[in-house]
Structures are given as structure tokens and as C-alpha cells.
Participant: 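Below is one structure. I have some questions about it.
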Protein chains: 2
Amino acid sequence: MSDVPRQRRPYAARVPMDVRREQLMDAALAVIVRDGYGGVSVDAVAKEAGVTRPVVYGAFEGLGELLTALLDRQQVRAFGRLLQALPEDADPADPAALVTIGIEQLVTMVREDPDTWRPILQLPEGLPEVVLQRIEADRERVRAIFSGLISSVSANEKGAPFDADLYAHAVLAILEHFGRLLIDDPERFSTERMVDGANRILSLLWR
Amino acid sequence: MSDVPRQRRPYAARVPMDVRREQLMDAALAVIVRDGYGGVSVDAVAKEAGVTRPVVYGAFEGLGELLTALLDRQQVRAFGRLLQALPEDADPADPAALVTIGIEQLVTMVREDPDTWRPILQLPEGLPEVVLQRIEADRERVRAIFSGLISSVSANEKGAPFDADLYAHAVLAILEHFGRLLIDDPERFSTERMVDGANRILSLLWR
DNA sequence: CCCTATTACTACAGATGTGTAGTAATAGTG
DNA sequence: CACTATTACTACACATCTGTAGTAATAGGG
């Protein structure tokens, strides 16, 4: 049939390394969003980026390093928006208002840009060990913050202090769960409903 | 070198189908516990069971069906123990006591037999779609039960009723999170600490 | 004790993925 | 405008997994 001499693939645009790395992370994210973590491979990322595998190996040591870099980038972005969204002029005497605004911002943020949060919230197992460890360390940091908040609230209560670490675990678990809900079923709970629910609980607890 | 005529593999014990199916599910569970869901494949299960792949294909349509059957079995076991563990003589007028005992039983159960719960609690993505749907349906059933409980408690409160569905989501998220904690870091929180934490919250809420 | 239904094994063909050595194109510098 | 450092592509050698067609062993009924 075709004794065409195996026509050469047209060269992808030549691009400096740091730009290529960004492109590849974008490609990896697109694959994750489309096919889930199960679909990510050096091969899939290369295809998505319109490039051959050796290019990927030129930019990253391997899949693990690529994913680590991606999570890093996404997490920086996510935290950036989070901090930027949180009110600076919060009244420390009115923690309920802070919670209300905080949750509202969180929900809005996840709704508007689910792709930033998806790789963080929908972690699969089977990722390189380093990646999982890093994520767990970050969670621990967030829990430490929560724990501090809970302790300070607890100090105003009568009776024994709360088990702040325990509750911090619970709070983060809930937040992550609702984050996932927002990502793969955004219609389920409205922002208003979540905020009201949280306030209702808090009003009962703080009285 | 060796022109040994490829000595035949010794036959594995011939076993009737239903027994073989159990063995294969056991093997799959062992693989999951050892290597995580990422390590499961028809090949890995066959090796674990000391058998060749066609044997697996003889017992199940494929990996999806095997995993579905496994989850089914594990879930039946888990729910069985759960029901058996729950007190039959619960005083409906004292829901706090019920919660205390319930959590205690749950924690003990997970501690004593983590392998039963691991495949249920540590669900990865990337499982066959049917499996995920089944699990989600089961969760929904559990949430419905919680939702009912919350509603009935809520009815005794003054003011607007709780958003029972919302809280049911939160409660299940917490339970699953702590289940996972128990499985891969059993030292972290003692049974007593979890029970106390829950009671403390509930006492504040129910007053 | 033999025969046959059941159960298990071998072997192959194909899909998808990894990682790398060798080669070709190109962008920018002198 | 030619040269060279950078960047990209091809091709190969492996590895792992899937599914199935064909063949061999064995347990248990007759």
C-alpha cells in the first residue's frame, strides 16, 4: 500500500523549558479533569500537549515529579485565592460573621474555578508517596489553624476545653467533603443553604 | 543453556466454582490491603491466589465483576457486624447513650477488623463505574437514616427545623474520615477520646 | 477401574505504558 | 548568513496487563 516514507511529524513549537513545564502541567490538569487521575500517564500528558514523550522527560524527571509540580502550583493558586478572598477587616469579636463570609467565599471560589480544586480535593491513592506526604502535611497545617481557632473559642466556654485537634479533623473532613460535592454535583446544595447550615450549628454551639 | 522442556506448572487444587470465587475475593482483598487498589489486576489476583489468569476469567466476567462481588461481600459483612454490635435494647428517650454506644462499637469494630472496612472506606476513583455507583447508593441510604434521626431530634428543638440532609452529609463525612484514620493510623485517637468528643458536641447541641 | 465433565494450564496476539539512545530541525548569536 | 546550542522527533527494548483458543490433567460417577 502506502510506501510513503513515514512522513515526519511536524515539529511542535520550540519553547523554552519553563514555559514548556507550565504547558505540561496544564495538559496534565486537563487530563485529570477529563479522565481522572487514573488516566494520567506521561504518554497521555504528552498527547494532550501535542508533543512526544521525550519532551516530557526533558521537562520533568517522570510522572511523579510532574504531578508534584502540578499539585504545588495548584495549591499555591488555591491558597492564594483563599487568602485574597478572606476578609481582612474581620471583627475578631464576631466569629460568626467571619465564618459566614469565609464559607461564602469558599463556596463561590470552588464553584467558579473547580479545576483548581479538583486535583487537590479528589486525591486518588496510588500517587507517588512524596505527593501524598506533602498533601498530608498541608492538611495538617490547615488543621493546626482550625485547632487554634477552636481552642480560642473554647476558652470562652465554661467547662473543660474542647478537644480542638479532634474537632479540627472533623471540620476539615466536612469542608473537603462539601468541596467535592460542589465539584461533581454543584446543584446539590446552594451556597445559601451551606452558610445557613453552618450558622445554625454554630449558633447552637456558641450560644 | 537449559533445554529443559519447559516443565509444566503443578496443577493448583481443583476446586468447585463457588469456593474458587471466595478464594479469589480473598486474594483480591489481600492485594488491596497490601498494594492498594492501584495494585489490583486480574493478573495480580491470580498470582495472589496461586492460579493462572484463565481461572479468574472462569470465575468472574472480569476485574469489575470480581471487585463488585468483593465489595458486596465485604459490605454485607460490615453491615452485619454493625447491626449485631448495635444495642437492641436502646432507650429511644436517651439518644446520647445510643450515640455513645454506637460510636464505641464502631471504633472497636474497625480496630479489630480493619481489612473488612478498608476496601469500603478507602475507595479510589478509577474503579469500574458500576462499583462507584453502588457505593454511592449505599452511602445515600445511610445518609437517609441519619437524616431521619436528625429530623426527629430537630423536632424537639424550638425554631426552624434542621437541614437534616445537609447535616447527614456532614456526619457521614466525619464518620468515614475517622474510619480512615483508624485504619491507617490507629494510635491517633483513642476510642475514649472519640466518644468523649462526640458526646461533648451532642450535649452542647441537645442541651 | 475407566470415562468424561470439570477445572486448570499454555501460548498467543494485542493494547498501553515506560525510559532512553540516536538523529533531525530550528532559533538566535556572532 | 552560517553555526551551534537547544529543543524536538524516531525507534527500540522492555514491562505489564487483557482476553481467549486450544490442550492437558483430574476427581468422582458409573
Side-chain angles (χ1 to χ4, degrees), chain A residues 2-28 31-32 34-68 124 126-129 131, chain B residues 2-25 27-28 31-32 34-68 124 126-131:
Chain A
S2 68
D3 50 358
V4 185
R6 282 295 287 107
Q7 118 177 5
R8 239 187 133 72
R9 166 187 193 135
Y11 266 51
R14 290 168 64 93
V15 154
M17 275 296 276
D18 45 341
V19 179
R20 184 59 90 200
R21 288 171 63 93
E22 289 298 317
Q23 288 181 354
L24 291 175
M25 285 189 258
D26 290 341
V31 172
I32 290 170
R34 178 160 33 77
D35 306 325
Y37 272 99
V40 207
S41 67
V42 172
D43 200 56
V45 172
K47 274 194 180 65
E48 178 73 30
V51 126
T52 58
R53 272 182 299 118
V55 173
V56 178
Y57 284 105
F60 296 94
E61 296 270 311
L63 188 61
E65 287 68 24
L66 201 176
L67 291 179
T68 304
L127 282 182
E129 193 56 30
V131 179
Chain B
S2 67
D3 49 358
V4 185
R6 282 297 287 109
Q7 115 178 6
R8 238 187 133 73
R9 167 187 193 139
Y11 265 50
R14 291 168 65 92
V15 156
M17 275 294 278
D18 46 339
V19 178
R20 185 59 91 200
R21 287 170 62 94
E22 287 299 315
Q23 287 182 354
L24 291 175
M25 287 189 257
V31 172
I32 290 170
R34 177 160 34 77
D35 305 325
Y37 273 98
V40 208
S41 65
V42 172
D43 200 57
V45 172
K47 275 196 178 65
E48 178 74 29
V51 127
T52 58
R53 271 180 301 116
V55 172
V56 179
Y57 284 105
F60 296 94
E61 295 271 308
L63 188 61
E65 286 69 24
L66 201 175
L67 291 179
T68 304
L127 284 183
E129 192 56 29
V130 266
V131 179

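Keep in mind that the numbers below use all heavy atoms, side chains included, and drop hydrogens, waters and symmetry copies. All of these numbers come straight from a predicted model, not from anything done at the bench. Letters go in sequence order (proteins before strands), and every chain restarts at 1.
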Participant: Under 3.5 Å, is there a donor-acceptor pair between the side chain of A:R21 and the main chain of A:A59?
Facilitator: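 Side chain of A:R21 to backbone of A:A59: a pair is present.
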Participant: When every nucleotide of nucleotides 25-30 of chain C is labelled 5' to 3' by its protein contacts under 4.0 Å (heavy atoms), B for base, S for sugar-phosphate only, - for none, what sequence of letters results?
Facilitator: BBS---
Participant: Without decimals, in angstroms, what is the distance between A:E61 CD and C:dT20 P?
Facilitator: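 That distance rounds to 9 Å.
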Participant: Should A:R20 be listed as having a side-chain N or O under 4.0 Å from OP1 or OP2 of D:dT6?
Facilitator: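 Answer is no, no contact under 4.0 Å.
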Participant: In whole angstrom, what separates A:Y57's OH from D:dT10's P?
Facilitator: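 Value for this atom pair: 17 Å.
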Participant: Within the 4.5 Å heavy-atom criterion, are A:V51 and A:R20 side-chain neighbours or not?
Facilitator: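 Yes; the side chains approach each other to less than 4.5 Å.
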Participant: Once you round it to whole Å, what is the distance between P of D:dT18 and CZ of B:F60?
Facilitator: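 My rounded result for the distance is 15 Å.
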Participant: Does A:L63 or B:A13 map to a spot on DNA chain C nearer the 5' end, using the closest nucleotide for each?
Facilitator: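 Looking at the nearest nucleotide for each, B:A13 comes out on the 5' side.
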Participant: Write down the atom of B:L63, the atom of B:V40, and the distance for their closest heavy-atom approach.
Facilitator: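 Shortest heavy-atom separation between B:L63 and B:V40 comes out as CD2-O, 4.0 Å.
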Participant: If you check every side-chain atom of A:V55, which of D:dG19, D:dA8, C:dT20 has the closest atom?
Facilitator: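 Out of D:dG19, D:dA8, C:dT20, the nucleotide with an atom closest to A:V55's side chain is D:dA8.
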Participant: Calculate the interatomic distance between A:L24 atom CG and D:dT7 atom P; express it in whole Å.
Facilitator: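 For the pair A:L24 CG and D:dT7 P, the rounded distance is 13 Å.
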Participant: Any non-hydrogen side-chain atom of A:K47 less than 4.5 Å from a side-chain atom of A:D43?
Facilitator: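 Yes. Closest side-chain heavy atoms under 4.5 Å.
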Participant: Any chance you could measure B:E65, atom CD, to B:T68, atom OG1, to the nearest 0.5 Å?
Facilitator: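 The CD atom of B:E65 sits 6.0 Å away from the OG1 atom of B:T68.
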Participant: Let me know the distance between CD of B:Q23 and C1' of C:dT7, rounded to the nearest Å.
Facilitator: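 For the pair B:Q23 CD and C:dT7 C1', the rounded distance is 13 Å.
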Participant: Would you check if A:R9 and A:T52 make a side-chain contact, meaning some heavy-atom pair closer than 4.5 Å?
Facilitator: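 Answer yes - side chains close enough.
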Participant: What distance do B:L24 atom CG and B:M17 atom CE have between them, rounded to the nearest 0.5 Å?
Facilitator: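 B:L24 atom CG to B:M17 atom CE measures 8.5 Å (nearest 0.5 Å).
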Participant: Would you name the heavy atoms of A:A12 and A:G50 that are closest together and state the gap between them?
Facilitator: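 Closest approach of A:A12 to A:G50, heavy atoms only: CB-O, 3.8 Å.
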Participant: Provide the closest heavy-atom pair for B:V42 versus B:R53 in the form atom of the first, atom of the second, distance.
Facilitator: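 Residues B:V42 and B:R53, closest heavy atoms: CG1-CG, 3.8 Å.
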Participant: Do any of residues 34-53 of chain B sit with a heavy atom less than 4.0 Å from DNA chain D, and if so which?
Facilitator: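 Going residue by residue through residues 34-53 of chain B, the ones with a heavy atom under 4.0 Å of DNA chain D turn out to be B:S41, B:V42, B:D43, B:R53.
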